[in-house]
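Convention: sequence-line order gives letters A, B, ...; per-chain numbering from 1.
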Number of protein chains: 2
Amino acid sequence: MSSQITLADIEGKLRKAGLRPTRQRLDLGMLLFRDGDRHVTAEILHAEALREGISVSLATVYNTLHQFTECGLLREVAIEGSKTYFDTNISDHHHFYFERDGKLIDIEGAEIALVDLPPVPEGMEITRVDVLIRLADKPKL
Amino acid sequence: MSSQITLADIEGKLRKAGLRPTRQRLDLGMLLFRDGDRHVTAEILHAEALREGISVSLATVYNTLHQFTECGLLREVAIEGSKTYFDTNISDHHHFYFERDGKLIDIEGAEIALVDLPPVPEGMEITRVDVLIRLADKPKL
DNA sequence: ATTTGTGCAAATCGTTTGCATCTGA
DNA sequence: TCAGATGCAAACGATTTGCACAAAT
């Protein structure tokens with residue numbers, strides 16, 4: 001079920017976003033979007049690209065991830081720690097975070113509701129609400 | 001209202017946490033805890049210490065912040081971006097995040113409730129739920 | 001006396017930038 | 001043609017580390 005998505009689809013995405021469909025943007029787009037929801041760092045994506053014989057520099061991977069994010073094709077995920085994670089799922093949703101290995105999984109938006117949100121400070125508006133549910137192994141009793 | 005807290009209080013905190021009350025831990029503890037809830041980076045705290053004539057190295061500030069965090073005296077806040085923020089409020093609470101200037105303010109725990117939390121994956125337990133409400137200036141219409 | 005903490009400078013890690021070269025429209 | 005992309009290596013900023021010295025128990 002992985003390759004419903006074609007290069008032409010990616011090209012469409014890029015054009016719609018106002019980005020030139022260059023070789024590396026197409027290839028990276030394929031990696032990112034062909035298998036559904038993913039959470040990647042620049043390093044992970046770069047390694048994956050090299051493994052598949054796609055030739056891109058790390059700098060270009062960084063550029064591409066940021067450009068995709070600006071265009072709304074990706075979302076940056078707030079986790080503490082040094083590395084920046086990008087999420088290919090841009091719908092309104094939250095995350096489970098496995099403290100043991102730093103892995104993330106999606107929680108669809110509908111599954112959590114926030115109630116009693118306090119008043120937003122004067123002149124400000126909410127751009128997004130991030131919820132991170134941190135999980136650890138249940139201790140064996 | 002700032003100095004209800006004495007060096008002796010800090011010393012008690014440290015001892016209870018199993019940390020030796022050294023000169024720099026006491027001084028940094030004073031800065032962190034005397035004025036109530038704060039959100040600091042290592043750099044901010046270091047600069048503040050120097051300004052007050054406290055002599056500590058940046059490396060020691062980093063060590064101290066991490067040790068305090070391990071002992072539960074501080075909490076690390078998950079924000080994307082390069083710098084690590086530490087929160088002196090360790091109670092169960094959430095944050096408003098001002099995207100413009102990267103500032104944080106606390107939302108007390110009682111003011112938000114989460115409903116319909118999805119089932120936690122097998123063998124895992126929730127250690128914490130972080131909620132970050134991202135704010136931007138309301139555009140002038 | 002022994003263990004633990006500290007300071008400094010060098011090392012590391014993730015990320016960004018400058019610039020010469022290439023490529024898609 | 002030519003603005004926009006890319007690759008590379010050097011630059012960067014935040015954080016960590018190694019090791020000699022100092023302080024706490």
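Protein chain A touches strand DNA chain C; the 5'-most and 3'-most nucleotides with an atom under 4.0 angstrom of its non-hydrogen atoms are C/dG14 to C/dA25.
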Under-3.5 Å N/O pairs linking protein and nucleotides 12-16 of chain D:
| from | atom 1 | to | atom 2 | distance (Å) |
| --- | --- | --- | --- | --- |
| D/dA14 | OP1 | B/K83 | NZ | 3.2 |
| D/dA14 | OP2 | B/E43 | OE2 | 2.8 |
| D/dT15 | OP1 | B/T84 | N | 2.9 |
| D/dT15 | OP1 | B/T84 | OG1 | 2.9 |
| D/dT15 | OP2 | B/Y62 | OH | 2.4 |
| D/dT15 | O5' | B/Y62 | OH | 3.1 |
| D/dT16 | OP2 | B/H66 | ND1 | 3.4 |

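Residues B/E52 and B/R34 are paired through a salt bridge, judged by an N-O separation under 4.0 Å between the basic side chain and the carboxylate. Here A/E80 pairs with A/R134 in a salt bridge; the nearest charged N to carboxylate O distance falls below 4.0 Å.
Taking the side-chain contact (heavy atoms from CB on, under 4.5 Å) definition, one finds that A/R23 meets it with A/D27, sequence neighbours left out. Annotation: side-chain contact (heavy atoms from CB on, under 4.5 Å) contacts of B/A17 (sequence neighbours excluded): B/C71, B/L73. Under the rule for a side-chain contact (heavy atoms from CB on, under 4.5 Å), the partners of A/A59 that lie at least two apart in sequence or sit in another chain are A/S57.
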With a cut-off of 3.5 Å and sequence neighbours excluded, list every side-chain donor-acceptor pair involving residues 116-126 of chain B.
none

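Through direct or indirect side-chain contacts shorter than 4.5 Å among Ile, Leu, Val, Met, Phe, Trp and Tyr, A/I90 is connected to no other residue. Through chains of ILVMFWY side-chain contacts below 4.5 Å, B/Y97 is grouped with B/V77, B/I79, B/Y85, B/L104, B/L132.
Annotation: salt bridge (charged side-chain N to carboxylate O under 4.0 Å, His left out) contacts involving residues 59-72 of chain B, sequence neighbours excluded, are absent. Among residues at least two apart or in separate chains, ring pair (Phe, Tyr, Trp, His ring centres under 6.0 Å) pairs with a member in residues 42-74 of chain A are A/H66-A/F86.
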(message) Using a 4.0 Å heavy-atom cut-off to protein, can you give one letter per nucleotide of nucleotides 1-6 of chain D, 5' to 3': B if the base is in contact, S if only the sugar-phosphate is, - if neither?
(response) --BSSS
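Nearest heavy atoms, A/A136 versus B/T127: CB-CG2, 3.5 Å. Between B/V61 and B/V56, the shortest heavy-atom distance links the atoms CG2-CG2, 4.0 Å.
Rounded to 10 degrees, the angle separating the terminal helix axes of the helix from C/dA1-D/dT25 to C/dA25-D/dT1, each built from five base pairs, is 30°.
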